[in-house]
Every structure is written in structure tokens, then in C-alpha cells.
Q: 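Have a look at the structure that comes next, please.
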Amino acid sequence: MARVSLRGVNKSFGKVDVIRDVDLDIDNGEFVVFVGPSGCGKSTLLRLISGLEALSSGEIYIADRPVMDLPPSKRGIAMVFQSYALYPHMTVFHNMAFSLDLEGKSKKEIRERVEAAAKILQMEHLLDRRPAALSGGQRQRVAIGRAIVRNPDVFLFDEPLSNLDAALRHDTRVEIAKLHRQLDATTIYVTHDQVEAMTLADKIVVLKDGEVMQVGAPMDLFHNPANEFVAGFLGSPKMNFFEGVLLSASEQQAHFSGEEFEVDGVRLVSTTKRNGDPIKLGIRPQHMWLDPNGSVTGTVTLVEQLGTETVLELITQQGTPFRIASPENVEVSVGEQASFNFDPNSAHLF
Amino acid sequence: MTRTFKHIVLALIVVIWVLPFVALVTTSLRSETASKTSGFWTAFTPTELGHRFGTHDRDQTDPFVTMSGNIFERLNGDKESFEVSGEVNSILFKGRVPDPDNAGKTKLIKQLIYAGEVMDVRDGEFVFQSNGDFTWTFPEATAPKPKNLDAFINQDPVFGTDAYVEVLFENENVPNALISSFIVTIPATIIPITIAAFAAYAFAWMRFPGRDWLFVIVVSLMVVPTQLAFLPVLQGFSGIASWATSLNAWLTDCEATQTCQVASKSFASLWVTHTAFGLPLAIYLLRNYIVGLPKELLESARIDGASHLKIFTRLIIPLSVPALASFSIFQFLWVWNDLIVALYIGSADSADLVFPIRLQKQLGTFKDQLHLLNASAVISIIVPVIVFLSMQRYFIRGLLAGSVKGG
């Protein structure tokens with residue numbers, strides 16, 4: 001259990017800057033998720049914290065100790081890899097015991113700690129098997145178990161669920177959440193899956209091209225995205241964007257004039273835009289509803305009935321595509337015109 | 001169509017490889033006469049061969065009217081192996097009979113007599129059956145001189161291990177060569193593979209300046225022909241030997257017994273030479289295998305706190321068993337069959353000669369005794385075959401199964 005602090009962290013491979021000036025504070029026992037599209041540097045950032053990659057510049061503190069010059073094993077971390085990385089020639093027991101064995105712990109202590117970890121993960125019956133005789137989910141448990149026995153200050157997870165099928169992914173996700181509550185250890189979790197990020201995280205770090213876009217609690221990020229990227233990245237289906245012009249730029253009550261509709265009293269996110277500048281209005285598909293007098297009108301191009309909700313894909317007369325997600329069944333079919341309304345309070349201007 | 005063609009080509013290749021071995025084994029199991037007089041392919045079917053037998057049993061001097069006996073018993077009387085059996089086809093009678101043209105005179109005739117026909121031998125009637133029984137009847141009791149007759153026998157296939165007994169036990173050359181070959185081959189396999197495994201790990205997973213260039217140099221050493229290096233290598237060894245000799249003279253009282261001389265050509269010099277020439281290929285093969293092991297596995301071990309040495313001994317070695325086994329077979333075969341290095345670098349002492357040199361020397365001493373040469377050759381082949389078959393179980397498929405995704 002420890003704080004993790006990153007100060008001005010930079011990493012470049014040759015001339016390519018993969019991580020740019022990242023500052024981050026992670027509190028005791030916090031579950032932090034690094035999320036972003038592939039190639040955004042989230043895995044590299046994790047590897048920098050683990051010590052598998054060396055920093056180009058900057059400082060990393062774990063439990064208030066500078067760890068830049070320490071090898072991975074001395075940083076008080078344990079890592080779970082996307083590909084499990086189990087030792088194929090050892091039994092599950094020896095896979096979990098490997099780090100303790102290297103530390104020179106006694107046989108008795110090793111057995112106790114491995115069995116305790118196995119009990120937490122409910123896999124005592126697997127201890128004598130080899131990785132080849134395990135299913136994907138069981139292998140992932142062993143990988144997590146290997147991290148638990150080390151009793152680390154910080155758990156690092158590198159996309160641990162991306163090799164599992166959908167059902168197992170959900171179960172394991174729930175289990176990781178439980179495990180985190182049980183162990184109460186600081187956890188850093190890398191994923192490209194926003195559902196994992198939203199459900200697991202105390203704090204989400206959204207990354208793009210090696211830069212931190214926004215840090216905050218999941219709901220905070222969802223309702224108050226700091227920029228167009230975060231707004232578009234979180235939430236499913238994606239947020240709709242309509243192009244237009246900024247007409248009056250007051251803090252909370254900006255006036256937006258689009259090609260097909262105007263709206264007043266929208267939260268202005270951008271700090272650089274002035275009156276008359278082109279601007280984008282973002283509104284989530286869930287925040288729009290069918291209204292014959294609504295200001296946004298489009299032609300239906302696709303209807304997706306998901307059971308729990310209906311997703312409509314539409315296109316405006318000016319050719320801007322947008323989506324509507326409604327919890328009720330919407331009786332429209334492809335080719336029809338439909339009008340929608342929205343609450344300016346839930347819209348954002350970027 | 002192409003399938004049939006493939007099968008034919010495959011069968012052809014198998015025949016080409018197996019046939020010489022079959023010939024070698026067959027010939028080594030035949031009698032000296034058989035191996036000299038007919039090809040190995042005749043060894044499996046009855047073959048007509050000539051055998052000379054004497055009419056008399058040993059020490060038989062008493063007069064008799066009728067002598068009965070068996071040609072095969074006569075032939076096999078004092079043999080312990082390669083006993084003749086089969087059917088007697090005919091007997092070539094060679095001797096003097098009364099000349100019908102010149103009364104009172106005799107003439108030399110050669111005549112083939114078949115089973116059941118009466119033959120005049122020393123004035124007695126000699127009749128034989130195809131199963132080898134013969135009777136020799138005289139009008140009255142006589143004690144004729146023994147007569148040697150040549151029988152053509154349709155002989156059944158017969159095999160024996162006499163040649164092996166002879167090369168292995170009658171003198172110490174082959175057993176000595178076997179022992180010497182083991183003394184040379186086992187260290188000359190283990191030493192390079194040990195060094196190469198360490199080097200391969202370093203080339204694959206350790207970062208140090210000039211690593212890639214060094215690897216290129218090591219790999220390019222593979223093209224250096226062995227013969228090219230003999231002179232400098234020999235010079236080196238004789239330098240070390242004379243240095244060791246002086247050290248010996250200085251440190252011990254060997255001068256009194258005149259035993260100071262340290263040989264420059266020895267088993268040790270063979271180990272060093274084979275190691276040096278085996279290393280480039282060994283490093284190349286092992287490095288390419290080790291570099292293909294999953295990176296996450298090594299990273300995981302690093303996080304678990306393993307040093308390079310621990311990663312090497314606890315992960316790399318167990319996971320590289322197939323590569324280690326295949327290279328050790330390679331090196332074992334190469335050293336076991338090596339003639340030229342042993343000839344130049346190895347000891348010339350008769351007791352220390354390795355098998356290929358012994359075989360080469362046997363070509364001179366045994367000349368046309370094919371069965372002995374082939375027996376030695378088979379002995380030298382059997383060892384690598386045993387090594388290969390016993391190493392085969394280390395070629396484990398799916399050693400990495402369960403380690404990383406999709407495994």
C-alpha cells in the first residue's frame with residue numbers, strides 16, 4: 001500500500017517521444033486505470049513504473065521513495081501481463097513460489113504464502129497442475145496469484161483481460177474489483193476498454209499520444225470531459241458532434257449557432273475560443289429524445305434493437321451523422337425523418 | 001498423382017540411405033568365404049557354393065566294406081559357427097580312372113556327378129543323396145586313402161557373429177578405439193554446448209555495446225575451414241606443450257625419471273579444437289532459439305527478482321532443451337565421425353587412436369576381409385544411433401504450451 005507519484009516523466013525511443021511530461025499522483029489504495037487508444041503510450045507508462053523500461057527523464061516515487069535507479073524487483077511492485085507469461089515448465093505452485101524462492105524465503109513460509117494466495121483466488125486444487133493444463137481464465141488467475149504472493153505495494157495490470165472471451169472477461173473483471181477491495185492495495189490497470197475503465201476505476205487517466213488528456217473519477221470524466229478527445233473516447237455509443245459557430249462566449253451560458261439549429265445556455269469547455277469562432281457542440285446519444293418539435297432533424301439510416309436500448313443512426317440534411325440511444329422501443333424505420341430535442345445543460349462546446 | 005510421385009521419391013530416398021547400412025550389417029554377419037565370394041544380396045536366399053570335404057571321419061583307419069556318412073557332418077565336424085546346411089547338388093569328381101582307349105593306363109577326368117549316381121572313387125562305389133548321406137562300398141574290406149571331394153551345395157542362409165567377436169576380443173585395437181572415441185567425444189560435446197548456451201543467452205537477451213557486431217563475427221567464423229587452422233592451432237599447442245614441459249621440469253623432479261615431456265597432441269588438444277570449431281554453429285543455433293522465447297516470460301522473471309544467472313538456469317535452460325538436444329546430437333556425430341582433426345591434432349599413440357582412424361588403419365591390415373571391416377564399421381555406427389534414439393525424447397513439442405496467450 002503506497003502512494004505513487006510521477007514527476008515530468010518522459011520516454012523516447014530514438015527520436016519518437018512516446019511519453020511526454022506526465023505528472024500524476026496516485027493515492028494509497030487507489031485503483032487507477034490508464035485508458036486510451038492503442039499506441040497512446042499507456043503500456044509504456046506502466047512499464048516505466050515497473051522498471052522494465054528506463055526513463056528518458058523525470059522522476060517516479062513509489063511509497064515516497066525515488067525508484068528510478070532500482071530494478072523492478074526492488075520497487076515493491078507486482079505485474080500481471082496481458083499474455084499471462086507463466087513459466088510453462090513449472091507447476092502452478094512453483095510459478096507462484098518463484099519470486100519467494102528467489103528471495104530465499106523458507107520452504108514453510110513459501111508454502112503458507114502460496115496457499116494463502118491460492119485460497120484468495122479459490123484455486124487450491126490447481127496448485128499441482130502445469131500451465132498447459134489450465135484454461136485461459138485459470139491461467140489469468142495464476143498470473144494474478146503470482147502477483148499476490150509477493151505482497152507488493154503496487155499492483156500493475158497490463159491489459160489482463162484482453163485474451164479472455166466476453167463472458168469470462170466480465171467475471172474476471174468483477175473478481176478483480178472484489179480482490180482490490182479485499183487487498184486494498186494501490187493498483188494501476190492498463191486497458192483500451194472503456195467499460196473496464198468505467199467499472200473498475202477510482203480514477204481514470206485518459207492518454208493520447210503520450211500525453212495525459214484528463215484525470216478524474218469515471219463519472220466526472222463522463223459528465224465533464226475536459227476536451228473533445230475525452231468526450232468522444234468515453235461513452236458508448238460515441239458522443240455526437242455538430243459543427244457550428246460560437247456566438248456569445250460566457251462561461252456557462254454560451255450560445256451555439258449550428259447549420260440547422262441554434263441553442264443557448266451551453267457549457268463552454270474550450271478556453272481559447274472567442275465569439276465568432278467555429279466550434280463543435282457535443283451531446284451524448286443518451287441525452288437526446290424523440291420530440292416532433294425538436295431542433296435536430298435527420299433521416300434514419302440504421303436501427304439497432306439491443307433489447308435494453310435502441311440505437312438509431314441518423315444523418316442530418318447537411319450530412320452530419322449522429323446517433324440516438326433510447327431506453328424505450330422507438331417506432332421508426334430506416335428512411336424516415338425524425339426530430340429530436342436535448343437539454344442544453346447536458347451538452348458541451350469544444 | 002503428385003502424392004504418388006512424392007511417395008516414390010520418399011521411398012527412393014529411404015532405400016538409398018538404408019541399403020548401404022543393410023549391406024554393412026549383412027556382410028559383417030556372414031562367413032569370411034561367403035563375404036568374399038558373393039554379394040550381400042545373396043545372403044538371404046539359398047546359394048550354390050562349393051565346399052571341399054574329406055571322405056573319412058577323423059582318425060578313421062580301420063578297413064571296411066561299406067562306409068556311410070554325411071557330407072554335412074564331415075563339413076561341420078570342427079566348426080562352431082556358419083554350419084553348412086541345405087541340399088547337395090552335385091560333386092565335382094577329379095581323379096584318375098582307367099582309360100577306355102588305352103588299356104592299362106589311367107586318365108585324369110573332371111566330371112560333375114549328381115545325387116544318386118554311382119561314382120568310382122579309389123575303386124569303390126561312392127553314392128550320395130541330396131540330403132548329404134553317402135555310402136562308399138568296396139567288394140571286400142579295404143582301408144582306402146582319404147579322398148577330398150568338392151561338393152556343390154545349395155546352401156541355406158547362415159549368419160554368425162564371429163566377425164564381431166574377432167574385432168572386439170581378439171586384440172585391443174577396436175575396444176581401445178571405442179574408449180578413445182568416447183573420451184574425445186563426450187567432453188567435446190559438453191564443453192561447447194555449455195559455453196554456447198551462456199553466449200547465446202547473452203547475445204539474445206543482454207544489452208551490451210557491440211553485441212550485434214560481435215554476433216556477426218562469431219557467425220561468420222562458421223565459414224572458416226578446419227584445415228586452414230591446423231597449422232596455427234598446432235603451433236599454439238606445441239607452444240603450450242613446451243611451456244608446460246619447462247614448468248614441469250621446474251616444479252617437479254621429473255628430470256630424474258625423464259618424464260618431463262608434455263605431449264602437444266592429446267585428448268585435451270582435441271577437446272579444445274572441437275570446442276573451438278563447434279562454437280560458432282552452436283552459438284548461432286542456440287541464440288536463434290533463445291531469442292524466440294517469449295519476452296514477457298523474462299520480464300516476469302525480472303519482476304520476480306531473478307538475476308541474469310537465475311533467469312538462465314531456471315528458465316532458459318529448461319525451456320531450451322530441444323535446441324540443446326539437437327545441437328548435442330549434431331556435435332556428437334561430427335566429433336564421433338571426425339577423421340581429419342583427430343589425425344592432425346590427436347595423439348598418434350596406437351592405444352589412443354579414435355575410431356575413424358582405427359577404421360582407416362584396418363583398411364590396410366584387413367585388406368579384403370570384408371566381414372571384419374564391416375563389423376568394425378557397424379560398431380562405430382551403433383554408438384551414434386543409440387545416442388540419437390536416446391536424445392529423441394527431448395525433442396518435445398509444445399514445450400511452451402500454456403505460457404503465453406494462444407499457447
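Every chain is numbered from 1 and lettered A, B, ... according to where its sequence line falls, protein lines coming before strand lines. Only a predicted model underlies this, so the values are computations on that prediction, with no experimental measurement involved. Any value given below was found using the heavy atoms of this structure, including those in side chains, with hydrogens, waters and symmetry copies removed.
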Q: Test of understanding: with salt bridge (charged side-chain N to carboxylate O under 4.0 Å, His left out), list the residues that count as partners of B:Lys295, not counting sequence neighbours.
A: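 For B:Lys295, the residues satisfying salt bridge (charged side-chain N to carboxylate O under 4.0 Å, His left out) (neighbours in sequence not counted) are B:Glu299.
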Q: Answer yes or no for B:Arg287 and B:Phe215: cation-pi contact, defined as NZ/CZ to six-membered ring centre under 6.0 Å and angle to ring axis within 45°.
A: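 Judged by the rule (NZ or CZ under 6.0 Å from the ring centre, within 45° of its axis), B:Arg287 counts as positioned above B:Phe215.
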Q: So, A:Arg146 and B:Ser300: side-chain donor and acceptor under 3.5 Å apart, yes or no?
A: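 There is such a pair (donor and acceptor under 3.5 Å, judged by atom type) between the side chains of A:Arg146 and B:Ser300.
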Q: Under 4.5 Å heavy-atom distance to chain B, tell me which part of A:Arg130 shows up: side chain, backbone, both or neither.
A: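 For A:Arg130, no heavy atom lies under 4.5 Å from chain B.
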Q: Please rank A:Arg150, A:Met79, A:Lys74 by heavy-atom pairs under 4.5 Å with chain B and give me the top one.
A: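 Most pairs with chain B among the choices: A:Arg150.
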Q: Quick check on side chain to side chain donor-acceptor pair (under 3.5 Å): which of A:Asp153, A:Asn28, A:Asp27 does A:Arg3 satisfy it with?
A: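 Result: among A:Asp153, A:Asn28, A:Asp27, A:Asp27 is the only option passing the side chain to side chain donor-acceptor pair (under 3.5 Å) with A:Arg3.
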Q: Can you confirm whether more than 12 heavy atoms, excluding those of B:Phe5, are under 6.0 Å from its CZ atom?
A: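 No, because the 6.0 Å sphere around CZ of B:Phe5 holds 12 heavy atoms or fewer from other groups.
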Q: Which residues, numbered in order, of residues 91-112 of chain A come under 4.5 angstrom of chain B by heavy-atom distance?
A: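 Under the 4.5 Å heavy-atom cut-off, A:Phe98, A:Ser99, A:Asp101, A:Leu102 qualify.
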Q: Mind jotting down which residue pairs meet the side chain to side chain donor-acceptor pair (under 3.5 Å) criterion with at least one end in residues 197-217 of chain B? Sequence neighbours excluded, please.
A: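 Every pair satisfying side chain to side chain donor-acceptor pair (under 3.5 Å) with a residue in residues 197-217 of chain B: B:Tyr201-B:His308.
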Q: With sequence neighbours excluded, what pairs up with A:Arg141 under the salt bridge (charged side-chain N to carboxylate O under 4.0 Å, His left out) test?
A: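 Residues passing salt bridge (charged side-chain N to carboxylate O under 4.0 Å, His left out) with A:Arg141: A:Glu175.
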